[in-house]
Chemist: 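Please find one structure pasted underneath; my questions will follow.
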Amino acid sequence: MTYYLTVSSGIGSIGRDPNLMGLGKKIPSILTYGVNIVQADMETYTSAELFEPEVEITIKRLIDSLGVKWVMHGEIGQTVAFETAQQQIWRQAHRRLHQYMDAMYDKFVKPKDMSKYLPGYIDFHISNMMSIGYFAERYRLAGTVMLDFTGRNSWSDLLEENSELKEWFKRDILLLVYGREVPIAITSTEDVKNRMASQIRARNIRNYYINHQQEVEEISQDLGRQGIPPTEENLFQEILRRHSDLNPSDGQISDDIYKEWEEATAIRFIKGAITDEELAYVLVAKYLEFKKNDPNEPLWKMYFQDRSMEDLEKKWSPKKLVNTKTGEIYLDPEIVAMVASRYVLGHFEADVLKEYTGEMLKKNPEREKNPFYTKSAIEKLKEIKVQLVFENPEYSEGQIEGLQRIIRAEHMYYFAKAAEQTLKTDRIKLLIDLNHWLHNAVDPGKEFDHMKKDSSDFGSYVRAVHIYEPLPIHWHNPFEIPSDQQFKIYRWLFQLRGLGFKDGYLVFERGGGQNPQEITKTAVLALRQIKENLEKDIEPSKLPLEFYGISPEGVLSTERQMVIIREHARDPLKGLIIIPEEEHTALGKDALAKPGMTPEKWKKEELR
Amino acid sequence: MSNVVKEFILDTDPGMGINANPFESEIYLDLTGPMGSLSGLYYSLMFQLGKNGFFVFKMDESINVSPMFKQYWELTIHQKEALEAQMKSGLAQIATAIHDYDLVSHDLRKYQEYLDYYTKIEKGLKLLKAKKKEEAEEGAKLQKEGLQTLRSVFIDQVDAHTGDISIRSITQRWPTIIVDFMRLDDKDTDQKKISERYEISEAEGAVLGTKNKLFVEWKDNLFKPTLKERYQNVLRLTEARKTSIEKYSEMLKPVVARYKMINDSLEGGGGRAGSLKAFFPAASQAFSIDNTRIWAILPFAPAEKYKVTRDYLDEIPIRKAGFTRDQIEELVAGKKISDRDMLVPALPVEPSIDEIVLRYLPKVENYYKVKLNAGDIYDARKRLTNLFLRKALETRGGESYSKIGEFVAPGMTWTYSPYFVFLDLPFERAVIKLPNGTEMENLMITNMTVQNRTQNVVIVTLLELIAREKQMENYIGQLLGEQGLVSETGSIPVFKEISEVAKERYPEIFGGKPDEGKEKKSDQKNMFAEMDKLRTKFGKFLDNTFGLKFDILRARGPYEFAVDDRLAEMFQLETMYQGYLFVLRYLQRGSGVPAIRV
């Protein structure tokens, strides 16, 4: 049970640093940082680093010869936005997931004896998309096809598989869906229903007429006797008067609307298409409600236990998930997080995209014979045996900090537990970035307090923590030893340890651009103290002086400082003539005699 | 002839003084003789005048030696050059000593400054134990001042060298850490207690605790012992350096004086012109010409009056001697006299510092370019009183020379009289070395004049002597930096000691008396003086209008005014006999003029 001090490589494109271009260069980048584990950060918006020819050979050589270990931070942003229903993004993210799985397989599993060079984890942000529900999301992506959580275009599939869901769909939101997806002039839901009833009625009477011609003749004669001309309209009305059962039932009407929705969307997009992500989220939320007792769909229970949507709607009152009268959709943050989690999990269950298979077969024809490549992501993950960790996200855009779909500890916990339960794996865990919470206006301490009440094993689902100066802005800054920041971080980590985070990676995550000394001189030393004291399970209030760097070997070593104080004790008398104090101290006098040692340099180096 | 008093006085201010020479008492003498003969005569005359009772003093001298006269040139002009080099080196030595003194003083001040901080802490601690609340508060304040200053010094000059973990650098982490550090007590070393006491984070408390330990160690065990030890050393050095400056200055004064006394006549325009006109060629003839101007004074007693000599002088209040209140204040401040003993020996005529003395005072200043003060007037008068006492030493019961003052030397007792013979003897001695090796000398007096002077004019004469001495002292003082130019009154530079210059320029800082624009009023002009002036005017009116000589009406003051009856027939006889004829005959006899008896 230990913690592994890790420093991230940073992203080469930030500082245009040629030393960070490619995994082969990123891994040894931390050699001078005072740690031996690196988090190699993938460049944003490209997976090309995964496919660098023979990069695995370089990685093997580095690990074997330098004794370093590595973990990986996957891409961030929409290319790995697993939580969305939007087809284009979903498919891109799905392709990426399989790319990562396939790359790991190709480089470290398929070749013999390479699995030990796999990264300790691969990190993805658990949520990368813009918020939903709170603001006018529908207008941003409306009109593009939404997928269900297993990546299917047609929602008919999900509805057909789940009769309760379909019934609810037809009863409660069909008209809303119809109105949005079928391009005809509609003034109201009653207008749709009347129009559909009228059509059904006409069809029924026509059928009756064909099947009961003798009776229809008699009715015509009766009308003639009454002096009423037997026009088609008069005949229809008289038949209907005599046979009220020819009027359509509500079920018939909704069946017809449903059918028309499917047909109309088939013409425009795909059969059973929904082009509004809010509606997709509504459908999945309702699906999860109906499936709450299914052990394979544990999310509803985790979020809402035995409560129903109706119960929730009472709480949300006057809001409802879907207000059929006003057409308003209300997506509570809990609903959003739950559905988003289902979407993320869905990527592991979903079939690999045919287009991706085709793309890769073209590049690697030998794949056709290997069934691995057609497997789902969870099957691949289990075979590769690499650890995936999902991290609380940074803010994606200004002014909506904290509104990512999944960000709170509780939601992440449910996700990880659900993954464990449904995907039957411990290869999907969490990574906590303390600063991501801070700059999303989430207090890590309060999060952990909250988890302690209901989910005291939260920490056991955490494999790593990203640590840098805890600031309310997204800035990967080192922190000092000693400093309040160091103490603050320790306090939070101690809380997390109390929740079960007994081992894992403590990662100083740099953004890029800083020089190595800026990191090692402060943050790594501080992290060493944090690790040491965490492992000893020392409460924050009982931290020893060593924690603050005050020990003979610490940065604030009293002994070392005393040497300097003694050297400079008489400096206030400097400038005096009789016994002038040496500007650069007695030690400095010798140091300055060395080639290349300038006075300025010595001043900087004196305490190093 | 005096340099300053050129007027007769008797005619314009009868009774106020006399500066008269008989018409026959001027003569040009030009003697030539073998080498050394005339020099011997000169020295013999000088000694004889002293024996006759004259107070003899030199008022000017210069020399012009042709380089051809190598031996003499080496001894004189070249010697001046050597003195000049010695002076330069001596001045450089003084400058170095002052520089060293300044440097050491700078050190001393610095050490004192730090020791003052420690003193404040110690005093503060003592007062803190006091029972009185005010004293305890004062103690706390003192201790805080001392400690906080030392803490600042520690932060900025000692701890700053700990680099990234210095208190100054750590302000990036804790912006208030410097203020927090200043608030600490020496006993604050535990981070938790510091955190609780000062309501700061424990991390900052940990840093402060460590830094405070280092501070206390530095303050008590590193810096303080060094200060104590070095302060004593530096104090010793300071005293030594200060003494060196004084000693170097004293050592140089004779050199400067010697230098100044060798006046190359070519330095002056007159000397250069004279040399150009001289009949011997300066480039090819070995010669030397030296000029020496001798003045001598001797009181005489006119018939029927002032027949006595005095072993004791009466003592009179200094006010009666003619000094004004301002002058007396100045004399007391300059410690010339004591404010408890305001008595001075009386001269034959009092007030001795009269209108004539005061009238000629600015002229003396202007001629010698020296500012004279009350002390100088006092000194001139005192020299005269001392001269009157020159035979009185033994009878004063063994009172030492120094106590009575300078210018008291054994010799002929002076007649207690306000009338004096004044000799002006401008000697010009030429020494010529001919190509055949013959050397000859020529002595000229150009021209000898003898005057009858009253006591006040003699005081002015002595003031001239003092002015000349002051000229020399000013020159030396200025050269050595002991004196500074305070101001220029007209064309007269005013020199004062450097400390006095500072006081004058910054009285508030150096403790001088600010100039409050007070006009010094002379109280010597009294009602009687005004009446005297009226009477004089009336006398002049009678003389001018009717030709009636009513000198008794015109005359004012204590001196003789009867020109025809007394001055011409009695006073001038003494002047001619004791002065003119004596010198003339002495020189004639010394030059071998036959049948001359002195």
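First the proteins, then the strands, lettered A, B, ... as listed; each starts at 1.
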Chemist: Is chain A contacted by the side chain of B/Y114, its backbone, both, or neither, given a heavy-atom distance below 4.5 Å?
Modeler: side chain
Chemist: Relative to chain A, which segment of B/L227 carries a heavy atom at a distance below 4.5 Å: side chain, backbone, both, or neither?
Modeler: side chain
Chemist: Against the six-membered ring of B/Y198, is B/R183 placed for a cation-pi contact (under 6.0 Å from the centre, within 45° of the normal)?
Modeler: no
Chemist: Given B/L208, which of B/I167, B/I177, B/D188 fulfils the side-chain contact (heavy atoms from CB on, under 4.5 Å) condition?
Modeler: B/I177
Chemist: Who passes ring-ring contact (aromatic ring centres under 6.0 Å, His included) against A/F479, sequence neighbours left out?
Modeler: none
Chemist: Tell me, side chain or backbone of A/I565 under 4.5 Å from chain B's heavy atoms, or both, or neither?
Modeler: both
Chemist: Whether the B/K211 and A/Q561 side chains hold a donor-acceptor pair (N or O, under 3.5 Å, no angle test) is what I'd like checked.
Modeler: yes
Chemist: Between B/R151 and B/N212, do the side chains contain an N or O donor and an N or O acceptor separated by less than 3.5 Å?
Modeler: yes
Chemist: Counting only non-hydrogen atoms closer than 4.5 Å, does B/E202 touch chain A with its backbone (N, CA, C, O), its side chain (CB onward), both, or neither?
Modeler: both
Chemist: Compute the ring centroids of A/H436 and A/H474, then answer whether they are less than 6.0 Å apart.
Modeler: yes
Chemist: Residue by residue, scan residues 483-490 of chain A and write down, ordered by number, those that have a heavy-atom distance under 4.5 Å to chain B; if none do, write 'none'.
Modeler: A/S483, A/D484
Chemist: When you compare the side chains of A/S8 and A/R510, does any donor N or O come within less than 3.5 Å of an acceptor on the partner?
Modeler: no
Chemist: Distance only, no hydrogens: is a donor on one side chain within 3.5 Å (strictly under) of an acceptor on the other, for A/D503 and A/Y4?
Modeler: no
